[in-house]
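Following: one structure in structure tokens, then a few remarks.
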Amino acid sequence: MGSTGKRASVFATLLGASLVLAACSGGGTNTDTTDQSNEPVTFTYAYEQEWQAYNTGTAATNASQNGIPMNRVTLGFWYFAPDGSVAPETDFGSYELTSDDPLTIQYTFADNAVWSDGEPIDCDDAWLAWYSQSGQTDTFKPVSTDGYEDIDTVDCADGDKQFTVVYNKPYADWVANFGAIMPAHVVEQEAGIDDLIAAIQDGDTKGLEKAGDFWTKGWVFKPGELPDASLIPSSGEYKLDKWESGNSLTLVANDQYYGDAPKADTVVIRFIAADAQAQALENGEIQAMDPQPNPDLKAQLEALGDQIVFSQEDQFTFEHYDLNFDTVFKDERLRQAFALCLPRQQIVDTLIKPDNPEAIVLDSRYYLPFQPQYEEVASQITPDAYAEQNIDAAATLVKEANAVGTDVRLGYIVPNPRREAEAQLVQEACGPDGAGFNIIDEGDKTFFNANGALVTGRFDVAMFAWAGSPLVTGSSSIYVTDGGSNYNNYSNKKVDELTAQLNQTTDLDEQQNLIVQIETILWNDLATIPVFAFPGIVAYDATAEGVEYNASQSGLTWNMQDWNIS
Amino acid sequence: MGSYILRRILASLLILLAASFLMFALVTLSGDPLAEFTGSNAPDKARLIQERIETLNLDRPFLVQYFLWLGGAIGCLIPGMSCDLGVNLSNQPVTSLIVDAFPTTLQLVLAATILAIVLGISIGIISAIRQYTAFDYSITFLAFLFYSLPIFWVAVLLKEFGAIRINDWLAEPAVTLPTAIVIAGFSALFFSAVVGGSRKQRLLVGLGAAVGAVLIFVGLVASGWFSNPGMGPGVVTIGAAAAAVGATLLFTNLENRRVLFIALGTAAAGVITAYAALPLLEDPSWLTLFGLGALVTAIGVGLGWIFGDIDRPAAIRAAVLTSFGVGLLVFMDRTVSSFAAYSAEVNGRPVATIGSKTPNFNGTFWEVTLDTATHLVLPTLAIMLISFAGYSRYSRASMLEVLNADYVRTARAKGLTERTVVLRHAFRNAMIPLATLAAIDFGAVISGAIITETVFGWKGMGVLFTSAVQRDDAYQIMGVFMVTAIAVLLFNLIADISYAILDPRIRLS
């Protein structure tokens, strides 16, 4: 033992001596903190999922994870504004509706609009946008052909800055076509065709097949492997610069941009799980984030005090309860009873307000509370009877229908703590102690499967959410007879007619008018009951400037050209 | 031996085949890759569903799907054939995802696992030798404490205290009462436990260590060392000398002056080489570093060869170990010297909470090393703390068993020194069961540290697996599964073979 002790004290002395010596010797280099005003600004934003594709218009790549970074890289004629409307992209070009019958739109690319490789943005890009999404060929695999399939051709010649498209039949959401234009000259080069327009006009099947293959797959990349810059040119304020797989995607200012230069020289999008973003913000590794909110996150952000700014918002997604017209809810009185006992206010108060103090009970299925049209529409469509919960009236109706103790299966996807809590509240209000139904909680992780409860109709009330949009055709398959998303088998001839009319109505006021009519019927029939808009959150460093929340699918990066650090 | 290995490999392949079939069946039959469309109101939903059915062959019978997948997957095992593990739901080839995630996982878990094994085994052995001392009890307590900690909680705490608070503190280093108390307490406990001896002796050492540590800490803060740290030639020289002494102790004893001087000579050669080559070390490449290291090692070996005489083997070993120690010291010295420059590059917040590197970071070799280190340190600690506990317990138990064996008593009775008894007779035999444990642990580690990767934002195998499970992404799950299965089978094989090599009883029976 003695010798060990001696050795250890020798060791301790050596260690102590080295530490003292270390204290006297500073590091090698002296660093001055240089003047910050001329330093290039790098703004870092956290997003949960990793980017992987340049072309966001294919069936496989049309996802926020690809769209979020590309918002200011590949521009189109329009973008989603923060109030949930479609706004024109004026730097890029302009468009004008020149005739209602047939629906004719004249588009003009800005004269100075060029790709970052110098190639002008013009007619052949418009041809590619139309042809790739027209559904005329199987080799291009777009996410949707809606609208484009009603266009026969694009009226312009190679090099033109102006083009006109004519729709065979009116298309309500024409304004959302010709977004995120892809570079035709890259497709031409990769497919080995001289002139894309000529190839389409002459029916060059082989060339177009190659073009379609490249358009669909050639812009999807292996992790971290960004191709040569000539394959991924930019038409916006930023261009793709570097991709560190699993870590970050870096965008740098596009020096060929024809509009105002962006504020920050570099925007880095870091891929960080939602739970880890708050600490990264606190540690200065990111400047802005907008993950899915939860009460813990809010507490974490509040604890950071002045270091950051955060605000609670609505998302463009809403919760709704669908009543199944094939089961107990065939009986209108029971639908009314369920709508009366449903604790919508209580659900919002207890489950949503902690994440968004401004949250209100949602009455519309087409407009969400942050949209300017919401109040006007909601006040016209909601029957007074359902404005407030009325358990007594509900219980009376259940008794009248001789249905006390009828089984009502609540179907939803699990794990989902919020819906489990909702089911609990519904149980208290509509169950034996409330309206008198026998509520059965059937939360199930296979709820959305092809043979799951929703698709096969094994539910009485289905609780889930739809993504909202200023575009009206997206909702068309939900409420019409035999629609692809009409899982509760609701059918009303009048709704079918009005929806068909809506899909062909281009005037926004007229659209709103039709929506009011549709929603009034939906409320009367109690096909589906909207409950609340999902809460959202945005948080950014106190030194960050220009960050503005956007509830649409564009996300926070919609105005990344305005981001800066003071 | 050869036929044994061949038989084992054949059996492994059959197991792999059966496991892949079972896994494929479970994955494809339990999940529904079309489910995400049910809750979607995408305008052209039917088209998207059709697209996915075609890409994933969902309209074909289950067995056909399996053999289509197997046809591509077999190519991965046979050299020269193309390896195709299918595409995930976003149309990315699974092989490219794995090729990308695998090195990330290795980088994350390799260092942590090796550190955990080395530290766990050494501390386990020491606590076995010092059974029922304060040190043993403290280690036992800590091991069980770490073992029972949930890693997600440890990880979040590490980020808060090991990164955010440390960075805040580094911005304005100051001595506060709590930090002083923690430092004093920690060094008192550590040194008194290491030194051992009588109660009075331990108390004195503890007190001295506490006072010394606080004084050094105050001195470092006052001199502004933390904002511009470094080690300097003095510390490097003393450290090199200590390495030489340590190496000598390990292979012979300090009374053996010949070996001691050879080791010290190597240390001197190392320090001189490092400072002579300082311009080369401004922004070196790995090649330069290895070259300089090899030079010093060669000098050491030469010294041992020439002056070693009858102690030649021990002298050469000590010299090689010393040269490694000196190399490490110089490496650390150079890295630490770049700290101030690095810290300024990352806005004065050096320790990171997320990711494997600062995006687009460009700097000297030392700054890049620091960048990797500051990203690695917390996740490595998180993984290490927890697996360290297991190793220390196993090695303690195994060592105790061996120390009570008859042949150890015989060895002592022969008059062998305690060092020879512990290191040569007891330690080697105690390691045999741990070989199996370590090999299997390595196999399991390849599948990724799911929680650590998620919390610290590393996109490795674990994240690849969980993201696939969440989306019912069958081919991506199968890809991760195949890599894991092969790793587990391979390391099991290695464990069995090493068992045979380590333990003659198995080889001979």
Side-chain angles (χ1 to χ4, degrees), chain A residues 1 4-5 8-9 12 14 16-29 31 33 50 52 59-61 141 143-146 220 222-224 242 244-248 250 268 270 272-273 276 279-280 282-285 448-450 454-455 464 466-467 473-475 477-478 484-485, chain B residues 32 34-35 38-39 41 43-48 51 90-92 96-97 100 104 159-160 163-164 167 191 194-197 201 209 212 216 219-220 223 225 228-232 234-235 238-239 242 336-341 344 347 349 352-357 359-360 454-455 457-459:
Chain A
M1 241 349 149
T4 327
S9 25
L14 278 175
S18 26
L19 282 173
V20 171
L21 270 173
C24 310
S25 61
T29 38
T31 45
T33 37
E50 182 156 8
Q52 65 199 32
T61 59
K141 300 203 184 297
V143 61
S144 161
T145 58
D146 284 10
V220 185
K222 288 182 180 172
K242 198 172 173 196
E244 291 174 351
S245 144
N247 196 26
S248 62
T250 303
V268 177
R270 291 200 73 168
I272 303 177
Q279 282 184 312
E282 184 180 0
N283 201 29
E285 284 160 277
F448 286 138
N449 282 11
L454 183 63
V455 178
F464 61 109
W466 290 127
T473 51
S475 301
S477 67
I478 304 176
S485 299
Chain B
D32 180 359
L34 300 178
T38 308
N41 52 350
D44 225 350
K45 198 155 94 174
R47 179 187 183 82
L48 297 179
E51 205 69 64
S90 314
N91 251 354
Q92 289 174 299
S96 74
L97 292 172
D100 185 59
T104 310
K159 281 163 109 174
E160 180 63 33
I164 295 168
N167 285 337
F191 281 103
V194 169
V195 170
Q201 205 176 348
I216 291 172
L220 289 178
S223 66
W225 186 83
N228 191 12
M231 286 161 69
V235 180
I238 293 179
V336 170
S337 306
S338 305
F339 186 80
N347 302 322
R349 301 197 70 84
T353 65
I354 208 83
S356 53
K357 57 181 166 183
N360 311 309
T454 311
V455 180
W458 287 58
K459 208 179 124 203

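Every chain is numbered from 1, with letters handed out A, B, ... down the list of sequences. Quick caveat, the model's predicted, so the values are computed rather than measured.
- In terms of heavy-atom pairs under 4.5 Å with chain A, the best-connected choice from B:Thr38, B:Leu48, B:Leu97 is B:Thr38.
- Put simply, of B:Ala352, B:Gly457, B:Ala209, the one with the most heavy-atom pairs under 4.5 Å next to chain A is B:Ala352.
- Residues that satisfy the side chain to side chain contact (heavy atoms under 4.5 Å, CB included) test with B:Thr104, not counting sequence neighbours, are B:Trp458.
- You'll find the side chain of B:Gln92 stays beyond 4.5 Å of the side chain of A:Lys222, heavy atoms only.
- Listed options A:Val455, A:Thr473, A:Thr250, A:Val220 were ranked by heavy-atom pairs under 4.5 angstrom with chain B; first place goes to A:Thr250.
- When heavy atoms are compared at a cutoff of 4.5 Å, A:Lys141 approaches chain B by way of both its backbone and its side chain.
- Within the 4.5 Å cutoff, the side chain of A:Asn247 has no heavy atoms near those of the B:Lys459 side chain.
- Residue contact with chain B, scored on non-hydrogen atoms closer than 4.5 Å, involves the backbone and the side chain of A:Val143 alike.
- In terms of heavy-atom pairs under 4.5 angstrom with chain B, the leader among A:Ala273, A:Ser485, A:Gly224 is A:Ser485.
- The choice from B:Asn91, B:Ile354, B:Thr454 that makes the most heavy-atom pairs within less than 4.5 Å of chain A is B:Ile354.
- Chain B forms the most heavy-atom pairs under 4.5 Å with one residue out of A:Pro223, A:Ser475, A:Gly484, A:Ala280, and that residue is A:Pro223.
- Within the 4.5 Å cutoff, the side chain of A:Glu282 has no heavy atoms near those of the B:Lys159 side chain.
- Note on A:Glu285 versus B:Arg349: no salt bridge recorded, every NZ/NE/NH1/NH2 to OD/OE distance being 4.0 Å or above.
- Side chain of B:Asp32 to main chain of A:Ala450: a donor-acceptor pair is present (N/O by atom type, distance under 3.5 Å, no hydrogens or angles).
- For the side chain to side chain contact (heavy atoms under 4.5 Å, CB included) test, residues two or more places apart in sequence or in another chain that qualify with B:Asn41 are A:Trp466, A:Ala467, A:Ile478.
- Of the listed residues (B:Ala46, B:Gly39, B:Gly355, B:Gly212), the one with the most heavy-atom contacts under 4.5 Å to chain A is B:Gly39.
- When heavy atoms are compared at a cutoff of 4.5 Å, B:Asn360 approaches chain A by way of both its backbone and its side chain.
- With a 6.0 Å radius and a threshold of 12 heavy atoms from other residues, nucleotides or ligands, B:Lys45 has its NZ atom above the threshold.
- Closest heavy-atom contact between A:Glu244 and B:Pro359: OE1-CA, 3.4 Å.
- Looking at A:Ser477, neither its backbone nor its side chain comes within 4.5 Å of chain B, counting heavy atoms on both sides.
- The closest side-chain donor-acceptor pair between A:Asn283 and B:Thr353, if any, does not fall under 3.5 angstrom.
- Between A:Ser144 and B:Arg47 there is no side-chain heavy-atom pair separated by less than 4.5 Å.
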